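What follows is a set of notes on a single structure, which appears directly below.
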Amino acid sequence: MAFRISFKIGGRVQLNHADVLPVTLAIYDRDKQIEELVSFLSPLPKPLADQFKQWQYYIGLQGNRKVSKNRDTLISGVVNLTELANSLKAELNKWLGKNGWIDENGQADPRVSLVLESFRENITEQDEVQIIVQTEDRQLRGLPWQEWDTLAGYTTRGVEVAISATNFKRLTQKQTPQLRATARILVVLGDERLGFAQEEDFITSLRRYGGEPHILRQPTRQELEQTLKDRQGWHIFFFAGHSDSDRDGRIGRIQINPADGAQGIINITELKDLLAGAIQKKLQLAIFNSCDGLGLANQLTELSLPYCIVMREMVESTVARELLRHFLAAFVKDCSLFASMNVARQQLQQNFEPGKSWLPVIVANPLAQELTWNRLFSERRLSWQGEMGLGIGAIALLVCLPIGIFSEFGGWETLTLYAQLYPHLVVYPSLVLWMPMFAAYKAHCMIRVKTRPFIALTLITSFLTLGALLFELSGDRMMLMEFKPDATTTIDAQQLPQLYSKWKTAKADIAGIPQEIFNAREAFDVEGNLTLKKSELEAVAKHIYTGNDIAGSQGLLRIATAYDVWRQHTGAFSLSRWCYALSFTIIIGCGVQLMALVSTILFVPDSIFNKNRYLTYLILCELGILLWVPFQGYSIEHTKTLLFSSEFKGTLAGLNVLLYAIISILSVATVSSIYRSASKKYQPILLSFFLGSLGLTLLSSWFGTSFIDRLFGMKSIDPLTPWFASSIFFACVFLLLVRLIDLHVGEE
């Protein structure tokens, strides 16, 4: 939160037989109010009031956005607005100077100046200072408070002053997560003879940042009312056209359609109920690019609208357009509303005569939460029913392989065996894979715009995942769980020499296997054909698994698990093979999809509305995928080496080449994204989290396979107990971590 200064100016009271205005000055730092004092001001001195009236008159000569039936005839003539603006500024500073403040004894009160000047010492050039002047007086609301030298000197960029009513209440608006969460903007364009093409272009360009404009051109009263009733609600209401306010600046009206005559002119009170409903839903900001909007803002703030942007007086179209252009350009970069207005005001000062940059003003509810573009968004989420259904579906996918093995192969003993042989596919998904899946979902929720690069990378993800799956399913090393319990195949005698040569074994090696392990005499028929039964192969694997490395056993298994041997006997494939395919697809898909998620924050950071939280979930997703590395390493270093031969051993064996390539690319991209997109407060936290994840991966590469072997692998006596216990423990820790992230990680 920025520094804030509040001036609450009451109505006239008598002090020592003279009229004065009571003023309560309150100063807030980033945490809370730190100081408050009460002083008094004299009512507007006549020189200041006269200069203000002249500025109002002459600044309005070029205004062309006043309600048409009440528009004065434009007066031509040469007016030196520079001198007029300088005179008004000088009178304003004289009134608010050290001698302008009065204490309760009627004496000069230096406390206000002293407090404001001492407060300046705590402010750096990088700090934002927001000032709110709370008053019901039309003249006081119209003054250019930002030109008060004491305030303007806080930063070289200048400060931004908003006005507010003295009576207000807090409005609680709860953002409702939606599957399609965009910043919904209701755009009403009135008299099109004013030419709104540029303003329309500015607003429609917000689509690339997650904006969803809905444009009404010269609508009828019924069309406007019906649109305001939209069930999804609106975040921003924008009007361009003619408007005006009464003399006291309390009641405002807009002309939505000049062709409808009196019906086309609407007093804001006529839309009170509809606007109140829109504000209760989600309306945060109203922008009136039209003349004399203080009455409009007054009526909307009475309904507890958080923020309005209006013109103090009549305004010409060129000024209104430039204000909108520069304001939106800053606002979508996630500058605060005050900072965005300040940027736009600086541009108006450069491009127009002095005094014209004073026209726009923020009208704020002091109790409203600070507004930024990102805070218009909620997470793109399913309903709780949809999320529950998605969660149940995800859990079913993660446990389908263990359940399939248990039900298809006859219970706990076979499940234990396959968990020990293939923990990277049987144990890992239900133990850890839900973590990157959930983190990836949360990251997807914070992408407010699905950009073309993201869509393209997602398609590439699907292509690479499908390619990896086809490679895995048709590879030479089939797993025992891919065959039905009664699976049988016969290898033609003419095909065997090629297999012996390819897999570096011989008939004599197979025949040399002890008969109690594998009966080669029955396996080879009189013609030399070799018949293989899954039950016999499983027995051979168990003997090797228990440490009995019988000569010829590995050669037999190399031939027996080759895909070419079973290609023509697909009926022998088990249901668990397809469960395994699903698990493998999810693992590889999550890993490759990370590239799309990282690329989004790296190349299109503006498409994400909470970068710190997005990066946190991104790293959490990466950690979950990185934890597959020791499981994958175990399958290569132990299972394949033990069952087939040491030739399958190696750091770059199997899918490890692709795995380590992805890890390297993601590491560089993630570190770069943290430096480019994370807030300074979170950069060291996120870097530590990420480097800790990489460190854990390195340690798991060195020691993890041995640890997995003792807990879940071949050296484990009972892998099921630590498997189930670890799953519950990790789930509790992860849910606690997610809760902490959602509560404490946000935009600065």
Side-chain angles (χ1 to χ4, degrees), residues 405 408-422 426 473-577 580 635-636 638-649 713-715:
I405 292 171
E408 188 173 16
F409 297 120
W412 297 108
E413 183 179 350
T414 308
L415 176 60
T416 300
L417 173 65
Y418 289 153
Q420 291 172 314
L421 288 175
Y422 315 114
V426 179
L473 288 177
S474 60
D476 284 321
R477 294 280 63 81
M478 295 186 68
M479 292 173 284
L480 294 174
M481 63 183 178
E482 295 184 64
F483 306 119
K484 291 180 179 178
D486 59 351
T488 302
T489 187
T490 300
I491 306 174
D492 190 88
Q494 296 178 351
Q495 186 183 1
L496 282 172
Q498 297 177 354
L499 294 173
Y500 292 150
S501 175
K502 181 177 181 179
W503 300 114
K504 298 179 182 179
T505 188
K507 181 177 181 180
D509 295 331
I510 297 175
I513 301 175
Q515 189 171 348
E516 64 272 13
I517 299 175
F518 180 75
N519 193 339
R521 292 182 180 179
E522 292 185 0
F524 286 98
D525 62 19
V526 294
E527 297 178 354
N529 301 320
L530 176 59
T531 299
L532 298 174
K533 297 179 181 179
K534 191 273 183 75
S535 57
E536 295 177 347
L537 297 176
E538 200 169 80
V540 174
K542 287 180 179 179
H543 275 279
I544 299 177
Y545 153 72
T546 55
N548 299 317
D549 188 6
I550 307 300
S553 297
Q554 289 184 332
L556 173 65
L557 288 177
R558 284 199 292 270
I559 292 175
T561 56
Y563 179 72
D564 289 342
V565 171
W566 298 87
R567 186 196 299 261
Q568 305 302 323
H569 303 277
T570 54
F573 292 159
S574 66
L575 176 63
S576 297
R577 171 179 168 85
Y580 139 66
S635 73
I636 293 173
H638 289 266
T639 304
K640 289 188 177 182
T641 299
L642 185 64
L643 293 183
F644 306 123
S645 79
S646 58
E647 294 177 4
F648 294 95
K649 195 172 185 178
M714 300 175 191
K715 293 183 180 179

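For this chain, numbers begin at 1 and follow the sequence in order. Heavy-atom basis, side chains included; hydrogens, waters and symmetry copies ignored. What you see is a predicted model, and the numbers here were worked out from it, not measured in a lab.
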With sequence neighbours excluded, residues passing salt bridge (charged side-chain N to carboxylate O under 4.0 Å, His left out) with E482: R577
Can you tell me how far apart NZ (K533) and CG (D486) are? Round to the nearest 0.5 Å. 10.5 Å
On a heavy-atom basis, which atom in I510 and which in A520 lie closest, and how many Å separate them? O-CB, 3.9 Å
Mind checking whether T416 and Q420 have side chains closer than 4.5 Å, heavy atoms only? yes
Output, in order, the C-alpha distance, side-chain angles, deciding distance and verdict of side-chain contact (heavy atoms from CB on, under 4.5 Å) for I405 and V426. CA-CA 9 Å; I405 292 171; V426 179; 4.0 Å; yes
Roughly how far, to the nearest 0.5 Å, is CG of L421 from CE of M714? 5.0 Å
T490: what forms a side chain to side chain donor-acceptor pair (under 3.5 Å) with it, not counting sequence neighbours? T531
Set of side chain to side chain donor-acceptor pair (under 3.5 Å) partners for R521, sequence neighbours left out: none
Inter-residue atom distance I513.CD1 - Q554.CD, 0.5 Å rounding: 10.5 Å
If you look at every heavy atom in W503 and A562, which pair is closest and at what distance? NE1-CB, 4.0 Å
Distance (rounded to the nearest 0.5 Å) between S501 OG and L496 CG: 12.5 Å
Do K502 and D564 touch side chain to side chain, with heavy atoms closer than 4.5 Å? yes
Under the rule for side-chain contact (heavy atoms from CB on, under 4.5 Å), what residues qualify as partners of E527, not counting sequence neighbours? D525, N529
H569 side, atom NE2; L532 side, atom CG - distance, nearest 0.5 Å: 10.0 Å
Taking all atoms of both residues into account, what is the closest heavy-atom pair of R567 and T570, and its distance? O-CG2, 3.5 Å
Evaluate side-chain contact (heavy atoms from CB on, under 4.5 Å) for I559 paired with Y500, printing each intermediate quantity in order. CA-CA 8 Å; I559 292 175; Y500 292 150; 3.6 Å; yes
When you look at CD of Q495, are more than 12 heavy atoms from neighbouring residues, nucleotides or ligands closer to it than 6.0 Å? yes
I'd like to check the ring-ring contact (aromatic ring centres under 6.0 Å, His included) partners of Y580; sequence neighbours left out, ordered by chain and number. none
Name all residues meeting the side-chain contact (heavy atoms from CB on, under 4.5 Å) criterion together with E408; count only those two or more places apart in sequence or in a different chain, and write none if there are none. K484, S574, L575, S576
Test log, rule side-chain contact (heavy atoms from CB on, under 4.5 Å), inputs L537 and T561: CA-CA 9 Å; L537 297 176; T561 56; 5.5 Å; no
Restricting to pairs with a member in residues 473-498, which pass ring-ring contact (aromatic ring centres under 6.0 Å, His included), not counting sequence neighbours? F483-W566
Sequence neighbours excluded, the answer for side chain to side chain donor-acceptor pair (under 3.5 Å) partners of E538 is Y418
Heavy-atom nearest pair, M478 first then F573, reads CE-CE2, 3.4 Å
